[in-house]
Number of protein chains: 2
Amino acid sequence: MHNIDETDLQILTLLQPDARMSNAALAKELGMAPSAVLERVRKLEAKGIIEAYTTQINPQAVDRKLLSFVFIKESTPPGDNRVAAQLKNIPEIQELHVIAGEDCLLAKVRTADAQSLITLMREKLGKIDGIVSTKTTIVLETIKEKNHLVIPASL
Amino acid sequence: MHNIDETDLQILTLLQPDARMSNAALAKELGMAPSAVLERVRKLEAKGIIEAYTTQINPQAVDRKLLSFVFIKESTPPGDNRVAAQLKNIPEIQELHVIAGEDCLLAKVRTADAQSLITLMREKLGKIDGIVSTKTTIVLETIKEKNHLVIPASL
DNA sequence: AATGAAATGAGTCGCCT
DNA sequence: AGGCGACTCATTTCATT
């Protein structure tokens, strides 16, 4: 498959919680030459194993205080992704998943407040054909939000 | 308050999708001296506005193929966070939110497969006092998963 | 994967506004 | 307080082995 070895897994383990770690520091941790490590990192990027380096910003600081999950029921037949394609482009929708059971999409939505959520639902979701109903769950408090993966010791 | 100005917002906008961008590149984009930009970045970190720099890893590549959302109903009185405190330490639980309506927690869980989800529920959730019931929603397909915030032009 | 040299970037300082 | 420019040191990059 992707031919990912234990050194690669170590690189991922180190980089996952600290994307701005210098290549030199990474090399020191691994006991390897910086250039060798850098080449591995570039390959992980090229293969799409490293998808992106992102900065986690405190949502409060930029006035995105409300988090909610919206279940969206579609009328379109399975395999039809027209609704999803439109929802995908809404920037307030951080995540969009197709879920099992009910023929539903689940969206993770971040807005300034309840008012702007309502506006979003009315102005944007309301205009998408094929949405039958929505069910919104408001988050009162986030206890944990770390999108870190458990990286196994080997594969 | 936090006294975050438009330059700071621009820094966040640039850094959010590219945490490994060099300080020099950042300074060039902003038309400022690198030292001045660096000082701002350090302050954003110190204030907790920048929470972390993380590397997004393709879950498939490290054998974390199954994503699910688990609603967890508690028997404990409101304000009692003993259940949440234990759930928080489970590494497969990436997110944990207190949600409105039903007295529920919502967990975003990533495991290798259905079998390991079952094991997790039995071995870990099953041993936590105060959990009344769980309802699991399996993700069939993730259409979008970008935890980027919409950063306003001003605050 | 290691080396070494050149280029680039980071962090510090004193000074200016 | 925030920004600048110059400096030194660290890091990255690239050609070569």
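Predicted model only: the values in this text are computed from it and were never measured. Here is the naming used below: chain letters follow the sequence lines, and residue numbers restart at 1 for every chain.
Distance from the side chain of Leu38(A) is smallest for dT13(D) among the nucleotides dT13(D), dA10(C), dG2(D).
Within the 4.0 Å cut-off from OP1 or OP2 of dA1(D), not a single side-chain nitrogen or oxygen of Arg40(B) is found.
Between Glu39(A) and Arg42(A), none of the side-chain N atoms (NZ, or NE/NH1/NH2) sits under 4.0 Å from a carboxylate O, so this pair counts as no salt bridge. A salt bridge does not link Arg20(A) to Asp18(A): none of the charged side-chain nitrogens sits closer than 4.0 Å to a carboxylate oxygen. Ion pairing between Asp8(B) and Arg40(B) holds under the 4.0 Å rule for side-chain N and carboxylate O.
Regarding Arg42(B), its CZ atom lies at a distance of 16 Å from the P atom of dG2(D), rounded to whole Å. Between the NZ atom of Lys43(A) and the C1' atom of dA1(C) there is a distance of 11 Å, rounded to whole Å. Straight-line distance from the CD atom of Glu39(B) to the C1' atom of dC15(C): 14 Å, rounded to whole Å.
Put simply, CD on Gln60(A) and CD1 on Ile49(B) are 11.0 Å apart, with the number rounded to the nearest 0.5 Å. Atom CG of residue Leu125(A) and atom OG1 of residue Thr119(A) lie 11.5 Å apart, to the nearest 0.5 angstrom.
Contacts with DNA chain D (heavy atom under 4.0 Å) in residues 12-36 of chain B: Met32(B), Ala33(B), Ser35(B), Ala36(B), listed by number.
Taking a 6.0 Å sphere around NZ of Lys146(B), one finds it holds 12 or fewer heavy atoms contributed by other residues, nucleotides or ligands.
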